[in-house]
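The figures here come from the full heavy-atom set of this structure, side chains too, leaving out hydrogens, waters and symmetry mates.
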Amino acid sequence: SLETDLLIGSINTRGARIDDLRLKNYHVTPDKSSPLIELLSPRGTSSAYFAEFGYVKSATSGEVPGPETVWQVEQGEGLGVGSPVTLSWTNDKGIKFSRQIAIDDGYMFTVTDTVTNSTGQPAEITPYGRVARFGQPKTANIFVLHEGLIGVLGEEGLQEIDYDDIIDDKEVTTARVDDGWLGITDKYWATALIPGQSFKPRFSHFDKGVPHFQTDFIGEADLIAAGASTTIENRLFAGAKITRLIDAYDENLGLNNFDLIIDWGWFYFITKPLFFLLDWLYTLIGNFGFAILMATVLVKAVFFPLANMS
């Protein structure tokens with residue numbers, strides 16, 4: 001089980017997937033008796049949407065954790081703020097994968113894997129992460145608002161790929177990058193993978209079997225000496241695009257322009273300051289209608305000398 005002040009759901013021990021996530025502060029309609037927004041849901045449901053971390057098999061690693069791996073709960077009865085859970089799985093060669101999943105008081109998950117090589121030979125492991133979304137969601141169809149696949153990839157910068165475009169292109173990849181993030185964004189919500197090492201990113205659409213959209217990465221290969229262990233840390237953002245939270249993650253975690261997960265449009269230098277003004281007035285007044293009226297008065301006052309002169 002998983003619950004915080006903002007989220008409720010569960011972790012699937014098959015694949016160690018985060019695939020059941022509802023947003024406690026947001027409902028399908030303004031009526032608070034309506035269902036909660038369901039951000040992530042398990043494979044096999046009508047709107048399957050989930051995040052997963054695993055490994056690519058190599059000649060020296062034996063079997064590695066993937067989509068069908070059934071992990072064992074080693075520690076923790078439920079995931080919450082300050083209460084991580086630990087899962088574990090050991091392969092046929094004796095390599096143990098221990099995974100700690102933690103969550104903060106916002107929407108950021110931290111997934112820390114400790115891989116211990118108890119064999120007598122070096123073993124190479126390569127991590128991956130993916131966000132998969134089955135079916136094409138309805139979008140707001142606003143010209144200045146991007147909904148679809150998104151990422152900031154090192155020096156490549158911001159990448160925004162519409163659903164229709166990736167259906168046509170099938171796959172978009174770039175060279176390996178040292179830092180960045182990638183995911184899928186809606187108007188109000190988003191999921192984003194934040195690798196803890198250099199990675200090769202990919203945006204894709206699969207039309208065989210059950211069609212789905214996917215953003216994924218392949219991390220750095222790591223050669224673990226016999227009897228040694230290594231630690232791999234990745235993050236996952238899954239939740240509402242609250243400006244103050246996004247900005248705090250960008251600054252405190254040293255992320256690469258994570259604030260661009262919110263699309264401020266071409267005139268961001270106007271829209272973003274106006275948003276902060278409206279948000280501040282709303283906090284003071286408690287009513288967005290009055291906040292808009294007050295913002296209008298303030299903007300008129302600022303430009304009154306020019307208007308009066310003309």
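Around CD of Q136, the count of heavy atoms belonging to other residues, nucleotides or ligands within 6.0 Å exceeds 12. Residue N257 qualifies as enclosed at atom CG: its count of foreign heavy atoms under 6.0 Å is above 12. The local environment of CZ in F267 is sparse, with at most 12 non-hydrogen atoms from other residues, nucleotides or ligands closer than 6.0 Å.
In this structure, the separation between CG on D113 and OG1 on T230 is 10.0 Å, given to the nearest 0.5 Å. The distance from the OG1 atom of T60 to the NZ atom of K57 is 11.0 Å, given to the nearest 0.5 Å. Here the NE2 atom belonging to H146 is positioned 11.5 Å from the CG atom belonging to L260, to the nearest 0.5 angstrom. Distance check: L2 CG to L40 CG gives 10.0 Å after rounding to the nearest 0.5 Å. The CD1 atom of I224 lies 8.0 Å from the OG1 atom of T116; values are rounded to the nearest 0.5 Å. Interatomic distance, CD1 of I184 versus OG1 of T215, reported as 5.0 Å (0.5 Å rounding).
Looking at every heavy atom in both residues, T45 comes nearest to P42 through OG1-O, 2.6 Å. P65 and Y128 get closest at one heavy-atom pair: O-CE2, 4.5 Å. Annotation for N256 and D179: closest pair ND2-OD1, 3.4 Å, computed over non-hydrogen atoms. Considering all non-hydrogen atoms of both residues, L298 and L277 come closest at CD1-CD1, 4.1 Å. Annotation for A175 and P201: closest pair O-CD, 3.7 Å, computed over non-hydrogen atoms. Contact detail for T4 and D104: the closest heavy-atom pair is CG2-O, 4.4 Å.
Taking Ile, Leu, Val, Met, Phe, Trp and Tyr as members and joining any whose side-chain heavy atoms lie under 4.5 Å apart, directly or through other members, the hydrophobic cluster of L278 also contains Y282, F288, I292.
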Please determine whether side chain to side chain contact (heavy atoms under 4.5 Å, CB included) holds for the pair T110 and R235, giving the CA-CA distance in whole Å, both sets of side-chain angles, and the decisive distance to 0.1 Å. CA-CA 5 Å; T110 301; R235 289 190 171 93; 3.7 Å; yes
For the pair Y107 and L21, evaluate side chain to side chain contact (heavy atoms under 4.5 Å, CB included) and give the outcome as yes or no after the intermediate values. CA-CA 11 Å; Y107 297 113; L21 206 60; over 6 Å; no
For E74 and K96, run salt bridge (charged side-chain N to carboxylate O under 4.0 Å, His left out): C-alpha distance rounded to whole Å, both residues' side-chain angles, the deciding distance at 0.1 Å, then the answer. CA-CA 12 Å; E74 193 170 89; K96 181 178 180 180; 3.2 Å; yes
Start with the C-alpha distance between V28 and E38, add both sets of side-chain angles, then the distance that settles side chain to side chain contact (heavy atoms under 4.5 Å, CB included), and finish with yes or no. CA-CA 9 Å; V28 173; E38 185 178 68; over 6 Å; no
Does the pair R22 and D20 meet the rule for a salt bridge (charged side-chain N to carboxylate O under 4.0 Å, His left out), with working shown? CA-CA 7 Å; R22 282 154 285 153; D20 172 24; 3.7 Å; yes
Show, in sequence, the C-alpha distance, side-chain angles and deciding distance for L281 and F290, and conclude whether the side chain to side chain contact (heavy atoms under 4.5 Å, CB included) test is met. CA-CA 8 Å; L281 290 171; F290 287 127; over 6 Å; no
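The pair K187-E147 does not meet the salt-bridge criterion, since no charged nitrogen lies less than 4.0 angstrom from a carboxylate oxygen.
F276 places a side-chain heavy atom less than 4.5 Å from the side chain of K272. Looking at heavy atoms from C-beta onward, M108 lies in side-chain contact with L253 at the 4.5 angstrom threshold. Residues L7 and L23 meet the side-chain proximity criterion, which asks for heavy atoms closer than 4.5 Å. Side-chain contact between Q121 and K93: absent, with no pair of heavy atoms (C-beta onward) separated by less than 4.5 Å. A 4.5 Å side-chain heavy-atom check between R17 and P67 finds at least one atom pair inside the cut-off. Looking at W89 and E63, their side chains come closer than 4.5 Å, going by heavy atoms from C-beta outward. R133 places a side-chain heavy atom less than 4.5 Å from the side chain of D186. F213 is listed as a side-chain neighbour of I167, based on a closest heavy-atom distance under 4.5 Å.
Residue pairs that meet the ring pair (Phe, Tyr, Trp, His ring centres under 6.0 Å) test with at least one member in residues 173-195, sequence neighbours left out, are Y26-W189, W181-F258.
The backbone N or O of T174 sits less than 3.5 Å from a side-chain atom of K200, completing a donor-acceptor pair. Under the 3.5 Å distance criterion, the side-chain polar atoms of N12 are left unmatched by any main-chain donor or acceptor of D19. A donor-acceptor contact shorter than 3.5 Å is absent between the side chain of S61 and the backbone of I125. Remark: side-chain polar atoms of N117 are not paired, donor with acceptor, to backbone N or O of I95 under 3.5 angstrom. Between the side chain of D169 and the backbone N or O of E171, no donor-acceptor pair lies under 3.5 Å. For the pair D279 (side chain) and F275 (backbone), a donor-acceptor distance under 3.5 Å is absent. Looking only at distances, a side-chain donor or acceptor of T271 sits under 3.5 Å from a matching main-chain atom of W264. A distance-only check finds no donor-acceptor pair linking the side chain of H205 to the backbone of I166 [under 3.5 Å].
Considering R176, R202, Q197 in turn, Q197 is the only one that fulfils the side chain to side chain contact (heavy atoms under 4.5 Å, CB included) rule with F217.
Connection of L87 to F50 is not established within any shared hydrophobic cluster, with ILVMFWY side chains joined at heavy-atom distances below 4.5 Å, either directly or through further cluster members. Both V172 and I150 sit in one connected hydrophobic cluster of ILVMFWY residues. Membership requires side-chain heavy atoms under 4.5 Å apart, directly or through other members. Both I285 and L274 belong to a common hydrophobic cluster when Ile, Leu, Val, Met, Phe, Trp and Tyr are linked at side-chain heavy-atom distances under 4.5 angstrom. Residues F237 and V81 do not share a hydrophobic cluster, clusters being chains of Ile/Leu/Val/Met/Phe/Trp/Tyr side chains in contact below 4.5 Å. Hydrophobic clustering, with ILVMFWY side chains joined whenever heavy atoms are under 4.5 angstrom apart, keeps L284 apart from V297.
T29 and D31 share no donor-acceptor pair across their side chains, judged by distance under 3.5 Å alone. Counted by atom type alone, Y55 and N91 present zero donor-acceptor pairs between their side chains at under 3.5 Å.
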